Amino acid sequence: MSAQAKALQAKQQPESRWIDSIKVHAELIAAILSGVLILAGWLLDKNSIHSAAVVSYLLAFIIGGFAKAKEGIEETIADKELNVEMLMIFAAVGSAIIGYWTEGAILIFIFALSGALETYTMNKSQKEISSLMEIQPEEAWLIRDGAEEKVHVSELAVGDLILVKPGERIPADGVIFKGQTTIDEAAITGESIPVSKQKDGEVFAGTVNITGSVYVEVTKPASDTLFQKIINLVQSAQSEKSPSQLFIEKFEGTYVKVVLITVGLMMFIPHFALGWSWTETFYRAMVLLVVASPCALVASIMPATLSAISNGARHGILFKGGMHLENLSNLKAIAFDKTGTLTKGKPEVTDMIVREGLPEQELLAAVASIESQSNHPLAQAVLRFAQKQNVSYSAPDQLEDVAGWGVKGVVNGKQWKVGKADFVGREAAFAFSGGKASELAASGKTTVFVEDEHGVAAVIALKDLIREDTKQALDLLHQEGIYTIMLTGDNETTARAIAKEAHLDTFIAECLPEHKVDQLKKLIKEHETVAMVGDGINDAPALATASIGIAMGEGSDVALETADIVLMKNDLPKIAEAIRLSKKMRRIVKQNVVFSIAVIMLLIISNFFQVLDLPFGVIGHEGSTILVILNGLRLLRS
């Protein structure tokens, strides 16, 4: 691209972003402009400039009602059924026909504003999962005729041999053909501790190769990798409609039909059956159309929902839409990811048992010296522990990384080994200090052994510790009657220890992302409304599948985009607070709905008995709207 073309593109980008922003917020801008025109029309009418006031109201009708009228007409044609959007338009036009321009325009404004806010929150909760796509590698080193060739992952076929270098993401699912390495599988399993892999070890696309170069034989095409399944699961789960949404859509059609049929009958039957004049009959039909409009019903829910959402945001709970907030009040069970959600996500040294007669400081200095050359999470945890103990160390005299086993090094002329039990001798390792290693492993801890020229010198236990507020959060949920489950990629022993310590009701261990989705579906069948709490890329499908997805604020971008609720400060006890807020909102919404329907029914009956004139009908209708809005705004103060 030439310098001139680049300059032109840079100049066009701000303008393009500005246009895109206008398009995204067009519905909200139209609603606000409609409100301004209504105010202008009212002021003109007050100053007896009636023709200009009518023009202002007409513009308010057109600008505010265009999007909803277009949506209503398109859905009516597609579904072959009238909807609430059409009823609101009819009610507004009916108000204008009998001379009540202000009331008709206000109906349009309120409905347009609620629609704009609904569209905005929906767009926020259904972002593109572009950040997930970025993590998936696009290129791979293909071994062809003994030479390395960089190709796009879509060109890889089952049976191809690829080279994965240290620091690179694995581009395809496969098995290790040659070499040894350590792989960070957090993107798939959520497990914080990297896993050692050797020949014939299974590897997954999207995971990170940390230490050695390995040759991998491709076992699945790019379109069928486990990572691609995560993307597909998120997309399919987000496209599914909730039962409550389907019920609302069904209710819309019935409501509109009943009102329009009743208004149609009111235009003729009273004239012939009750002897009303044609003027009176038409007048009463228009009053009915106005008072029966769902303005108050819409206001019963939206202000209360927005108030609760604002309240939650002020307290560190981000709701991406009213539907998720409403569903929270029906919650029966919550499934938790372990790493980074219930736990801190970083292993820490919990125990260090040193051979009798060996100075603890000397051993820790030697181990820290060796581990200082490694980026492995366990090595970093040992270093942090040594620094807390104020142990000083220097670089080792000699170092050898034995891939898949551990590290050998020479410190101050003395040789040390640090690694797995098999690296120092399995039998000796588990016999050390009366079999303490077995006890530590049984409590869910990872053990690292240290050996010198005299044999096993120490065993160091590490664990991903639970958060300080985890127990409090789970106890609060139990008080709300919520059943708690942990879904983790950890083994049975570790999972059991964490579940007991955190006060969980139960756990399911060794879960890959698709297993978590399967377990969520089973839980939903059993408990109906189930939430999932997670923070990683691997949690995204489960977050999307659950009735309500809750992400930790410091989690991955994909988890934040997929979730319905975000805990902005990683504060787990806020989940119970959110549930209480949801239950209060449900009570207020029920009050509003019952009140608004009662007022509408009273106005309809009064109109039928000819004791209600249009001005009082408008006052009753709009007054009930204002009251339910004020009732909903109470949620701002809770």
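Just so you know, these numbers come straight off a predicted model, no measurement behind them. Worth knowing before you read on, the calculation uses all heavy atoms, side chains too, and leaves out hydrogens, waters and symmetry mates. This chain uses plain numbering: 1 for the first residue, then up along the sequence.
Between the side chains of T529 and N330, no donor N or O sits under 3.5 Å from an acceptor N or O. For the residue pair T181 / N209, a side-chain donor-acceptor distance below 3.5 Å is found, with atom types taken as modelled. There is no side-chain donor-acceptor pair under 3.5 Å between D173 and T219.
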Side chain to side chain contact (heavy atoms under 4.5 Å, CB included) assessment of W416 paired with I370
CA-CA 8 Å; W416 299 84; I370 292 170; 3.6 Å; yes
Test salt bridge (charged side-chain N to carboxylate O under 4.0 Å, His left out) on K516 and D539 and set out the steps.
CA-CA 8 Å; K516 288 185 179 181; D539 298 319; 3.0 Å; yes
Under the side chain to side chain donor-acceptor pair (under 3.5 Å) rule, what do N327 and S547 come out as? Steps first, then yes or no, please.
CA-CA 8 Å; N327 283 345; S547 310; over 6 Å; no
Might you work through the side chain to side chain contact (heavy atoms under 4.5 Å, CB included) test for V195 and K197, ending with a clear yes or no?
CA-CA 6 Å; V195 181; K197 297 281 185 177; 4.1 Å; yes
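At a threshold of 4.5 Å between non-hydrogen side-chain atoms, the residues K408 and F423 count as touching. In this structure, Y393 and Q387 have side chains that are in contact, with non-hydrogen atoms separated by less than 4.5 Å. At least one side-chain heavy atom of W405 sits less than 4.5 Å from a side-chain heavy atom of D422. When side chains are defined from C-beta on, K414 counts as touching D452, because their heavy atoms get closer than 4.5 Å. Contact annotation: the side chain of V418 approaches that of E371 to within less than 4.5 Å [non-hydrogen atoms, C-beta and beyond]. Residues E501 and K463 meet the side-chain proximity criterion, which asks for heavy atoms closer than 4.5 Å. Taking 4.5 Å as the limit, some side-chain heavy atom of R467 sits within range of a side-chain heavy atom of M552.
Other residues, nucleotides and ligands contribute more than 12 heavy atoms inside 6.0 Å of the CD atom of E453. In this structure, R586 places its CZ atom where more than 12 heavy-atom neighbours from other residues, nucleotides or ligands lie under 6.0 Å away.
Relative to the six-membered ring of Y483, K332 misses at least one condition, a distance below 6.0 Å or an angle of at most 45° to the axis. Taking the centre and axis of the six-membered ring of F177, the NZ or CZ atom of K199 falls inside the cone set by 45° and 6.0 Å. Both tests pass for K165 against the ring of W141: distance under 6.0 Å to the centre and angle within 45° of the axis.
Salt bridge K344/E468: present, at least one basic N to carboxylate O contact under 4.0 Å. With salt bridges taken as basic N to acidic carboxylate O contacts below 4.0 Å, none links R384 and E348. The pair K436-D351 does not meet the salt-bridge criterion, since no charged nitrogen lies less than 4.0 angstrom from a carboxylate oxygen. With salt bridges taken as basic N to acidic carboxylate O contacts below 4.0 Å, none links E526 and K522.
D401 contributes atom CG, which lies 11.0 Å from atom CD of Q373 (distance to the nearest 0.5 angstrom).
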